[in-house]
Chemist: 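Quick one: the structure is below, and I'll ask about it shortly.
Throughout, a chain's letter reflects where its sequence line sits, starting with A, and its residues are numbered from 1. Excluded from the calculations below are hydrogen atoms, water molecules and symmetry mates; all remaining heavy atoms, backbone and side chain alike, are included. Everything numeric in this text was worked out from a predicted model, so none of it was measured.
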Number of protein chains: 2
Amino acid sequence: MIREITRPDFASFWPTFSAIIKAEETYALDPDMTQQEAFSLWCESTLEAYALVENDVVLGIYYLKSNGMGPSRHICNCGYMVANEARGRGIARLLCEHSQERAIAFGFQAMQFNSVVSTNEVAVTLWQKLGFSIVGTIPRAYKHSQLGLVDSYVMYKWL
Amino acid sequence: MIREITRPDFASFWPTFSAIIKAEETYALDPDMTQQEAFSLWCESTLEAYALVENDVVLGIYYLKSNGMGPSRHICNCGYMVANEARGRGIARLLCEHSQERAIAFGFQAMQFNSVVSTNEVAVTLWQKLGFSIVGTIPRAYKHSQLGLVDSYVMYKWL
């Protein structure tokens, strides 16, 4: 079930969230941010945030927010995270499809990901399958913990 | 003289700022934002903001801020505005060169413009002259008041 995230949902997902940002392989977020800072960023500074919950376990989360103001306010942005133990089960796809429905309900016409790390092939491939295109390549935009400076992609879909 | 912007500087520049966002031709900002909202966005939610002042008249302004967190914190972002009566005098160039010096002083390694409206040829050409490259083209990213939906560019320079 995908439902609006609650503070307890976020708290139960925090070990995954923290591990993902500490890995410094996929997200351009401060690896040392606190749970409260992360909650504020993901759930309070956004339009809405959802959790995919199965048997009371949060397997994945996403947020939806505006990506531009004024003449670019028709573009939204989302971020997704999936728990390690739930990988390979199509959770990210479900979250992304849900987020596109929500974006359309809000009146957004396009969705933009500003920083998809180029070495995150699983994500890049999935977004492409879901209709997103690589519309930009930012050279050396991401300091990958294992690979050093790598490019990141701007990915975009007209909804 | 380029100096850190003061609240009176910003107030004196506000008619230009307001005209620029109301034109909806170059900036992805809410055209109806208030002076206080604009001050907060430009001068308080940034690392620093500067004004180019000549004979007590503010001819141009810019801000400098981070464009990414964590593994992308080496990238900064800037925005520039020039008063109509000062166009063609190289003010934007001076501001951009100053901002690159400040960015380097802060330890940034790259500067990224996330949304350069593709029809804003004066800006695109100037940024290219100053070493920025178009690294992405976001289709139909900007609702231009005269031209309708136009592309916007992501421009980038390794400092």
Chemist: Which of the residues A:Ala110, A:Ser152, A:Pro139 is involved in the greatest number of heavy-atom pairs with chain B at under 4.5 angstrom?
Modeler: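 With the most close heavy-atom pairs to chain B, the winner is A:Pro139.
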Chemist: If you count heavy-atom pairs under 4.5 Å between each of A:Gln112, A:Glu25, A:Met33 and chain B, which one has the most?
Modeler: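 If we count pairs closer than 4.5 Å to chain B, A:Gln112 comes out on top.
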Chemist: Flag yes if A:Leu130 and A:Tyr62 sit in one hydrophobic cluster, no otherwise; membership is Ile, Leu, Val, Met, Phe, Trp, Tyr, and two members link when side-chain heavy atoms are under 4.5 Å apart.
Modeler: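 Linked, A:Leu130 and A:Tyr62 end up in one cluster.
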Chemist: Would you please test B:Ile21 and A:Met69 for side-chain contact (heavy atoms from CB on, under 4.5 Å) and show each step?
Modeler: CA-CA 11 Å; B:Ile21 61 176; A:Met69 289 178 282; over 6 Å; no
Chemist: Would you say A:Gln36 has more than 12 foreign heavy atoms packed within less than 6.0 Å of its CD?
Modeler: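 Check passes, neighbour count above 12.
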Chemist: Let me know if B:Ile134 has heavy atoms under 4.5 Å from chain A in its side chain, its backbone, both or neither.
Modeler: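 For B:Ile134, no heavy atom lies under 4.5 Å from chain A.
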Chemist: Given a strict heavy-atom distance threshold of 4.5 Å, which part of A:Tyr142 is in contact with chain B: side chain, backbone, both, or neither?
Modeler: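 For A:Tyr142, the contact with chain B is made by backbone and side chain together.
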Chemist: For the hydrophobic clusters of this structure (ILVMFWY residues joined by side-chain heavy atoms under 4.5 Å, transitively), does one cluster hold both A:Tyr80 and A:Ile2?
Modeler: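 Yes, A:Tyr80 and A:Ile2 fall within the same hydrophobic cluster.
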Chemist: Test of understanding: clusters of I, L, V, M, F, W, Y form through side-chain heavy atoms closer than 4.5 Å, transitively. Do A:Leu95 and A:Ile61 belong to the same one?
Modeler: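 Hydrophobic grouping puts A:Leu95 apart from A:Ile61.
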Chemist: What residue, out of B:Ser145, B:Pro71, B:Gly68, B:Gly136, has the most heavy-atom pairs lying under 4.5 Å from chain A?
Modeler: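 Counting heavy-atom pairs under 4.5 Å, the top option is B:Pro71.
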Chemist: Using atom types as modelled and distance alone, determine if a side-chain donor or acceptor of B:His74 lies under 3.5 Å from a backbone N or O of A:Arg140.
Modeler: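 Answer holds: yes.
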Chemist: Tell me, for A:Gln109 versus chain B, whether the close heavy atoms (under 4.5 Å) come from the side chain, the backbone, both or neither.
Modeler: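 The answer is the side chain of A:Gln109.
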Chemist: Out of curiosity, does A:Tyr153 fall in the hydrophobic cluster containing A:Leu29 (side-chain heavy atoms, cut-off under 4.5 Å, transitive links)?
Modeler: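 In one cluster: no.
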Chemist: Measuring heavy-atom distances to chain B, does A:Ile75 have an atom under 4.5 Å in its side chain, in its backbone, in both, or in neither?
Modeler: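 The side chain, not the backbone.
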Chemist: Should A:Leu52 and A:Leu126 be regarded as members of a common hydrophobic cluster, given that ILVMFWY residues are connected when their side-chain heavy atoms come within less than 4.5 Å of each other, either directly or indirectly?
Modeler: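 Linked, A:Leu52 and A:Leu126 end up in one cluster.
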Chemist: Inspect the surroundings of CD in A:Glu44 and state if more than 12 heavy atoms from other residues, nucleotides or ligands are less than 6.0 Å away.
Modeler: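 Yes - once you tally the heavy atoms of other residues, nucleotides and ligands closer than 6.0 Å, there are more than 12.
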Chemist: Mind ranking A:Val117, A:Asp32, A:Thr137, A:Val154 by heavy-atom pairs under 4.5 Å with chain B and telling me who comes out on top?
Modeler: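 Answer, by heavy-atom pair count under 4.5 Å with chain B: A:Thr137.
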Chemist: Using modelled atom types and a 3.5 Å cut-off, is there a donor and acceptor pairing between side-chain atoms of B:Ser72 and backbone atoms of A:Ala28?
Modeler: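 No: the side chain of B:Ser72 does not pair with the backbone of A:Ala28.
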Chemist: Can you say whether A:Tyr27 sits under 4.5 Å from chain B via the side chain, the backbone, both, or neither, judging by heavy atoms?
Modeler: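 Contact with chain B involves the backbone of A:Tyr27 alone.
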Chemist: From A:Asn114 CG over to B:Ile138 CD1, what is the distance, rounded to the nearest 0.5 angstrom?
Modeler: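 One finds 7.5 Å between CG of A:Asn114 and CD1 of B:Ile138.
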